[in-house]
Amino acid sequence: MKKASPNKQIVPGSKLDKRFYLQEDVVEAARNLLGKYLFTRFDGQLTGGIITETEAYAGVIDKASHAFGGRRTNRTETMYSEGGTAYVYLCYGMYSLFNVVTNKKDIPHAVLIRALHPVVGLDIMEKRRKMKPASKNFSGGPGTLSIALGIHFTSHNGLPLAGSEIWIEDRKLKIAPSQITIGPRVGVESAGKDALLPYRFRIRPEDLLYH
DNA sequence: CGGCCGATCCACT
DNA sequence: GTGGATCGGCCGA
C-alpha cells in the first residue's frame, strides 16, 4: 500500500477577488482564509505559504479590536479601508503583525494571520529568519511569519491585496471542518467576555504535513 | 510631555 | 514557566 507523502506541488492559483474580501461575516472570513496561500514579492523575491491559523476581529463591537467603539486614530485608519487592504502594525515594539481587512469601507473588520506553513521561496525566507524552514517557530506565529515574508509595518500597511506586492491565492487546498480547531483568541485577556469568543481558527498541526 | 502597555518571541531555568 | 527586548500608540496632565 502506498504511503502518504507530503505534496508540495504548486497548483495554479487565482487571487482572491473583491467578493471574498467584502464578505460581511468576518468570522467566516477568518475560517475561509485557512488553507489559502499568502505571497509576497519584494525586489523580485517570491515567498509564500499556506495560512494555517487566523483570528477574526469584529470591529466596533469587539473589545479586542483596535477599532472597538469606533475608535479612529492614525493607526486604526487602515482598518476602515475597503476589504482587501493589508493592515500591518507594530506589536511589542519589534514585530509587524499582518491583518487582512474585510467588509465594506468604514466597517473595520480584520483577520489576523497568525501562522503560515512555508512553501515557496524557502531559501529566501531562511535568510530572513536566519533559521531553517523546518525549524520549530519558523513562521508559526504572527511576528515570525511577517519576518519570513519580509512584511514590515512601515512599508506595507495599507497596501491593496488586489494590486501590490502582497496577495492571497486560492489554490484549491481543501480544509475539512474536522481539520479545524476553534478556540478563543490569543493575548486578548483584557477584552472582558469578548476574550472568550471562539474567533481563532487553526489547521491541526498533524494535518499540516499532508496537503 | 511622561508613562504605561501591547493581537510577540526567544533564551534561559 | 518566566522575564527581557524594544518602541509607537494612546491617554491623561
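Within every chain, numbering begins at 1; the chains are lettered A, B, ... in the order of the sequence lines, protein sequences first and strands thereafter.
For residues 83-101 of chain A, proximity to DNA chain B is found at Tyr89(A), Cys91(A), Tyr92(A), Gly93(A), Tyr95(A), Leu97(A), Asn99(A), defined as any non-hydrogen atom under 4.0 angstrom from a strand atom.
With a 3.5 Å limit on both pairing distances and Watson-Crick or G-U wobble geometry required, the stems of 3 or more pairs in DNA chain B span B:1-6 with C:7-12, B:8-12 with C:1-5.
Rounded to whole Å, the separation between the P atoms of dG1(C) and dA7(B) comes to 22 Å.
On the nucleic acid side, DNA chain C contacts chain A at distances under 4.0 Å to non-hydrogen atoms, with the end points of that region at dA5(C) to dC11(C).
Residues satisfying the side-chain hydrogen bond (donor to acceptor under 3.5 Å, both in side chains) test with Glu55(A), not counting sequence neighbours, are Tyr57(A).
Residues in residues 120-129 of chain A take part in these side chain to side chain donor-acceptor pair (under 3.5 Å) pairs, two or more places apart or across chains: Thr47(A)-Arg128(A), Glu126(A)-Lys132(A). Applying the ring-ring contact (aromatic ring centres under 6.0 Å, His included) definition to pairs two or more places apart or across chains, those involving residues 165-184 of chain A are Phe39(A)-Trp167(A).
If you check every strand for non-hydrogen atoms under 4.0 Å, Arg200(A) touches nothing. Nucleic acid contact for Thr73(A): sugar-phosphate only, since backbone atoms but no base atoms lie under 4.0 Å from a heavy atom of the residue.
The separation between Met79(A) atom CE and dA7(B) atom P is 11 Å, rounded to whole Å. dG6(B) atom P lies 11 Å from atom CZ of Arg75(A), rounded to whole Å.
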*What's the verdict on side chain to side chain contact (heavy atoms under 4.5 Å, CB included) for Val26(A) and Tyr199(A), showing C-alpha distance, side-chain angles and the deciding distance?*
CA-CA 9 Å; Val26(A) 68; Tyr199(A) 283 2; 5.8 Å; no

